[in-house]
Structures are given as C-alpha cells and as structure tokens.
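Comments concern the structure below.
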There are 2 protein chains.
Amino acid sequence: MGILHRDIRSSSDVPLVCRACEARHGGVCAALSPEQLSELSRRSTRHRLDAGTEVVGQGESMERYSNIVRGVVKLTKVMADGRQQIVGLQFAPDFLGRLFLSESAVAAEAATDTEICSFSRGTLDQLVTRTPELGEKLHRQALKELDEARDWMLTLGRKSAQEKVASFLHLIAVNIDPENDSTASFDLPLSRADIADFLGLTIETVSRQFTRLRKENVIRLVNNRQVTVPDMALLTRLAGND
Amino acid sequence: MGILHRDIRSSSDVPLVCRACEARHGGVCAALSPEQLSELSRRSTRHRLDAGTEVVGQGESMERYSNIVRGVVKLTKVMADGRQQIVGLQFAPDFLGRLFLSESAVAAEAATDTEICSFSRGTLDQLVTRTPELGEKLHRQALKELDEARDWMLTLGRKSAQEKVASFLHLIAVNIDPENDSTASFDLPLSRADIADFLGLTIETVSRQFTRLRKENVIRLVNNRQVTVPDMALLTRLAGND
DNA sequence: GGAAGCGTTTGATTTTGATCAAATCACCGG
DNA sequence: CCGGTGATTTGATCAAAATCAAACGCTTCC
C-alpha cells in the first residue's frame, strides 16, 4: 500500500533539510559527517502520517527508510485467519527499515499521529558503504530490537494478564516519559484493541486489568488514554521485573 | 560461569585449524579470505559441550564468540521467581555472540551435546574492522534472529497449545531435517520441560498435545525423542502457517 | 435534542490450559 | 533381575482468561 502521507514540503516552508532529526534525536543522522548529513537532508523528505496509516505491509518491499521524528509506529504480524500480534513498537528517534533485506517481515503502521523523515534505500546504502559508523549504528539498532523482542517473549510466554498490562504500562512510561523515574504521566499510544494484540490477550481482559490497577491505585486514568503512575517502583514490581 | 568444556585439542590430534567450520557450514568463516581464515583458525579452539553446559549466563560478559559446529544451543531468560522462557534456539552453523555489546542479555546453554569453534572477542573485532563483509554477515545474522524472535512472538501470543506444539515440531523439522520437505524424521533436541519453556506452556500440556498429535497420526514417536512426520504439509497447516 | 457509531467497560458463562496427584516408562547400578 | 531415579504420561480438578452478551460513555451529525 505504500505511504499514504501528505507531503509537508508542498504545504509549508519547512526546509527539506533534516534539521529536526539532527536536533531532536540520534537516528541515523548521528553517525554522519556534516557534509553527509546535508546530502542526506537534500535527499530526504518529511511526512506526517495520521494514526492508522500503513507505512509498509507484511511481506512488501520497502523502498524507503525512515527516521521516526515524533509519534509511535507499531509492527504487526497477522495470521491467515486474522489473529494479530504486535511484535514491536518503535518510538522516536528509532530507525524504520533494515539493511540488506528489502522485504519487510512485518507490517508497520502509525499508531499515533506520526512524523517521519524518509529517504530511499539507495541513498542510505550509499552512505553506509562510505561510512562504517553508520552501518555499526544500524547494527546496534537491530541488536536493540532483538533484545526488546526477546524481553517481550518472556512477557508473552510467562506472565499473567495483570503482569502483562503492568509490563506494557511500564514500557510506555519508560519510552514516553523517561525524565521522571519515580512517577510518570503519559498518553497511551495504543487503543485497548492494540494493547490486547501487543499482550496476546483479549480487549475485555485488558480492560478488566486496567480497572483492577485503577482500583488498586497503581494507576490513575484521566480519560481512556491519559495515564498517571504515582509509584513507578510499584508498577515495576507488578510487571515482574525485579 | 564461563565455558565448562573439555578441550578437544589436548585429548586428540584434531588440528586447531577451523577446517570443520569451513567445510561444514557458512558461519563467520564464509566471509573471510583464505589468509584471514587461517589466522582465525590459528586463534580458535574447538570444544565439546555436554548437554546442559552453560556457555554464558544471563547478564554475564561474553569474552569468547563461537560458531556452532554441531548441536543445538538454547537461549533463555529467567524471572526472579524462577519462571523461564526459551527465547531462541541456535542451530549449526549459527554464530553465538554479538558485536559491540559484551554483556549477554540471555543465558546460552547447550541443549544437546554440542561442538563449537570459539575465539576471543578481540580476534573477531579485529577481523571485522578489516573485513566489512564479515560485519555485514553478523548484521544479517542479527536481522535473521530478529525475524525469528518476532515469528515466535506470534506463536506465543496468539496460538493455541496444539498450534504451538505443531509450530515447534515444524521449526525443528525445518532446521534439523531440511532435505525432505514432504516428510521429516529427526531427534528432538529438547526435553518436554524445555519445549514447555519455549512455548509458554506447562510440561503436562505439551505432553498431552504430543499424545493428541500421535493419535491423530500427525506424528509418530519412535521413542520420547525420535519423531517422524509423515505429512509435513499437514503439520504446517496445524501450526497455523498458511 | 437525539439517534448512530465506535471504543470501552461490565457481567455471565464457557473453555483452555494450569495445577495437583498418581501411574508408567526408561535407563542405570547393584 | 530388581529397586531406584528422573522423565514422561495420564487423570481429576481448578483457575485464569476467552467468549458471548449487554450496557455505558463519548463524539458526530442530522
């Protein structure tokens, strides 16, 4: 399905240079020299993706890579009969794409309204051959995603529903509101249905666990999406991470 | 705990050169020039690991990397209360180790009697800086492991017990007996307890599903470990992979 | 205002897999 | 051969989460 975006370039005076990427986060830009950065900037475009926009489908070829500038992207796998599993969440400033293999093993979809900075495979491939540090950076990102995937396998295989929901909230808190580590406050980037697909549960079970955590004062819900965690240590304990 | 091995070198005349690796599989050796290969061979040692031997513990530093020459290594994560999840299986000729990060996020243990060909971090790091193809090879391996981990997340999160056991048998068949694709015959590298830890089930449930698959003629069990699959297509279907 | 639609919550019931318990099997050493 | 030990299977019961069903709350749009 490709990228169903609207190109900000044409609708505003935001310069093509990937300045926002450079300033706000350490995506691929961080490994590049000033000249390379300006080259990448010239060849990259900024896009806004509305929540729900598919970036790439499962098994599709991925002709463009992206840095996530703002927002959350979910990676999903679907079975033939429709059962679905979210296998990863990518937060800014994560890189979206993989070297060597153009075929994407997962579908990527904007979970929230998202901004990305994207460029073609060829552009990045060229930069990588000239800049070993960039290859190393992408290698490190792959290893980080591998660690995250394996952490989540433990959650999926061995934790109770309550521990799963606590683990999810913990993950979001750490990634969205990392400043404060004793307390946290954030907007959930996923609907209850998505959370269920991430945790291998049903919507109803997720909802019941939210209610339970609320009644036990582990979390406070301003509305369905806005969460406050008064005691992160307690949440960590309930998540089974000691 | 380090490697509890017995060094074959001292007990036999097997040469130090990693000739077996080169001949039998495409581990890291495949990316090296003849000179580099002979250098790596000089610096590497071959070891036999009895089933159950721990190669590296969760969170430990990994000072040596290895190619798996023969056998199966399981990667596990453990929770504080003892709950355990196998997060990956490595078959020959997989590489065991990771660049950049010496700290292992998982414990690695020989599931079967295993032979590895191992060398120090420093040796490989040097080779990688001189040989970009080698870095690429390791990057590809990381991406392959990531794909496998995410595939398994779907299994853990969304499949029934029967589908899980069928998925496990399918995985083993593909990796141990890859020649024949309509039929398969192999020895299970894992005990029922390990299979349970891989699938996020209990021993009893795994056993019941084996019995069920046997009664439905999906598999035949010569003994607890030896399995024959008369119809791989059927197994694939039961695993939920269409 | 009110009807429609969607996401979420709550309730009643069922199902799957876990737990508890015991029997069986396979292998090993005396 | 026999008793012992650990792995596996089988059986009975229980509990957690799924399923089925309905209500609720919120937004949108006549």
Side-chain angles (χ1 to χ4, degrees), chain A residues 50-52 74 79 81-86 111-112 155-169 187-216 219-227 238 240, chain B residues 50-52 74 79 81-86 111-113 155-169 187-216 218-227 238 240:
Chain A
D50 292 331
K74 58 183 184 183
M79 290 173 65
D81 63 5
R83 279 175 287 176
Q84 201 166 2
Q85 176 69 43
I86 294 182
T112 62
T155 299
L156 289 173
R158 288 302 183 202
K159 291 188 184 173
S160 69
Q162 185 176 31
E163 288 171 322
K164 283 180 175 183
V165 171
S167 297
F168 168 73
L169 291 168
D187 265 34
L188 292 175
L190 301 185
S191 68
R192 297 292 185 272
D194 279 342
I195 297 170
D197 281 343
F198 193 31
L199 295 172
L201 299 171
T202 58
I203 299 179
E204 294 94 326
T205 299
V206 170
S207 177
R208 282 183 237 275
Q209 296 304 329
F210 266 92
T211 307
R212 184 172 164 195
L213 290 173
R214 185 168 44 72
K215 284 183 178 159
E216 292 172 353
I219 57 174
R220 212 159 309 140
L221 292 172
V222 181
N223 59 40
N224 285 337
R225 292 289 187 130
Q226 263 190 288
V227 179
L238 288 177
Chain B
D50 292 330
K74 59 183 184 187
M79 289 173 67
D81 63 5
R83 279 175 288 177
Q84 201 166 3
Q85 176 69 44
I86 293 182
T112 62
D113 288 355
T155 299
L156 289 173
R158 287 302 182 200
K159 291 188 184 173
S160 68
Q162 185 177 32
E163 289 171 322
K164 283 180 175 183
V165 171
S167 296
F168 168 72
L169 291 168
D187 265 34
L188 293 175
L190 302 185
S191 67
R192 297 291 184 274
D194 279 342
I195 297 170
D197 281 343
F198 193 32
L199 295 172
L201 298 172
T202 58
I203 299 180
E204 295 94 326
T205 299
V206 170
S207 178
R208 281 184 238 276
Q209 295 304 329
F210 266 92
T211 307
R212 184 172 164 196
L213 290 173
R214 185 167 45 71
K215 284 183 177 159
E216 291 172 354
V218 179
I219 58 174
R220 212 159 310 139
L221 291 172
V222 181
N223 61 41
N224 284 337
R225 291 290 186 127
Q226 263 190 290
V227 179
L238 289 177

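Proteins get letters first, then strands, A, B, ... in listed order; numbering begins at 1 in each.
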For residues 160-169 of chain A, please give each side-chain donor-acceptor pair under 3.5 Å, one per line with the distance, not counting sequence neighbours.
{"residue": "S160(A)", "atom": "OG", "partner": "E163(A)", "partner atom": "N", "Å": "3.3"}
{"residue": "S160(A)", "atom": "OG", "partner": "E163(A)", "partner atom": "OE1", "Å": "3.3"}
{"residue": "Q162(A)", "atom": "OE1", "partner": "R212(A)", "partner atom": "NH2", "Å": "3.0"}
{"residue": "Q162(A)", "atom": "NE2", "partner": "E216(A)", "partner atom": "OE1", "Å": "3.4"}
{"residue": "E163(A)", "atom": "OE1", "partner": "S160(A)", "partner atom": "N", "Å": "2.9"}
{"residue": "E163(A)", "atom": "OE1", "partner": "R83(B)", "partner atom": "NH1", "Å": "2.8"}
{"residue": "E163(A)", "atom": "OE2", "partner": "R83(B)", "partner atom": "NH2", "Å": "2.8"}
{"residue": "K164(A)", "atom": "NZ", "partner": "L199(A)", "partner atom": "O", "Å": "3.0"}
{"residue": "S167(A)", "atom": "OG", "partner": "K159(A)", "partner atom": "NZ", "Å": "3.1"}
{"residue": "S167(A)", "atom": "OG", "partner": "E163(A)", "partner atom": "O", "Å": "2.7"}
{"residue": "S167(A)", "atom": "OG", "partner": "A239(A)", "partner atom": "O", "Å": "3.3"}

**Message:** Just to be sure I understand the rule, does S207(B) reach a base, reach only the sugar-phosphate, or reach nothing, if contact means heavy atoms closer than 4.0 Å?
**Reply:** base
**Request:** Check the distance between dT10(D)'s P and F210(B)'s CZ and give it to me in whole angstrom.
**Result:** 13 Å
**Asked** Taking atom C1' of dC24(D) as reference, at what distance in whole Å does atom CZ of R192(A) sit?
**Response** 14 Å
**Request:** Give the rounded distance in Å between these two atoms: CG of D194(B) and C1' of dG6(D).
**Result:** 14 Å
**Request:** Round to the nearest Å and state the distance from L188(A) atom CG to dT8(C) atom C1'.
**Result:** 13 Å
**Message:** If I take atom CZ in residue R83(A) and atom C1' in nucleotide dT19(D), what distance separates them, rounded to the nearest angstrom?
**Reply:** 15 Å
**Request:** Sequence neighbours left out, what passes side-chain hydrogen bond (donor to acceptor under 3.5 Å, both in side chains) with S207(A)? Give chain and number order.
**Result:** none
**Prompt:** NZ of K164(A) versus P of dA17(D): gap in Å, rounded?
**Reply:** 8 Å
**Asked** Whole Å only: how far is the CG atom of D197(B) from the P atom of dA7(D)?
**Response** 13 Å
**Request:** Taking the side chain as every heavy atom from C-beta outward, state whether L188(A) and I195(A) have any atom pair closer than 4.5 Å.
**Result:** yes
**Request:** Sugar-phosphate means primed atoms, P, OP1 and OP2; the rest is base. With that split, encode nucleotides 15-28 of chain C 5' to 3' as B, S or - using protein heavy atoms under 4.0 Å.
**Result:** --SSBB--------
**Request:** Could I get the full list of salt bridge (charged side-chain N to carboxylate O under 4.0 Å, His left out) partners for R158(B), not counting sequence neighbours?
**Result:** D197(A)
**Request:** May I have the distance from E163(B) (atom CD) to dA18(D) (atom P), rounded to whole angstrom?
**Result:** 14 Å
**Message:** Just to verify, what does K74(A) make a salt bridge (charged side-chain N to carboxylate O under 4.0 Å, His left out) with, not counting sequence neighbours?
**Reply:** E109(A), D194(A)
**Message:** Tell me every residue that passes salt bridge (charged side-chain N to carboxylate O under 4.0 Å, His left out) with D113(B), counting only those two or more places apart in sequence or in another chain.
**Reply:** R48(B)
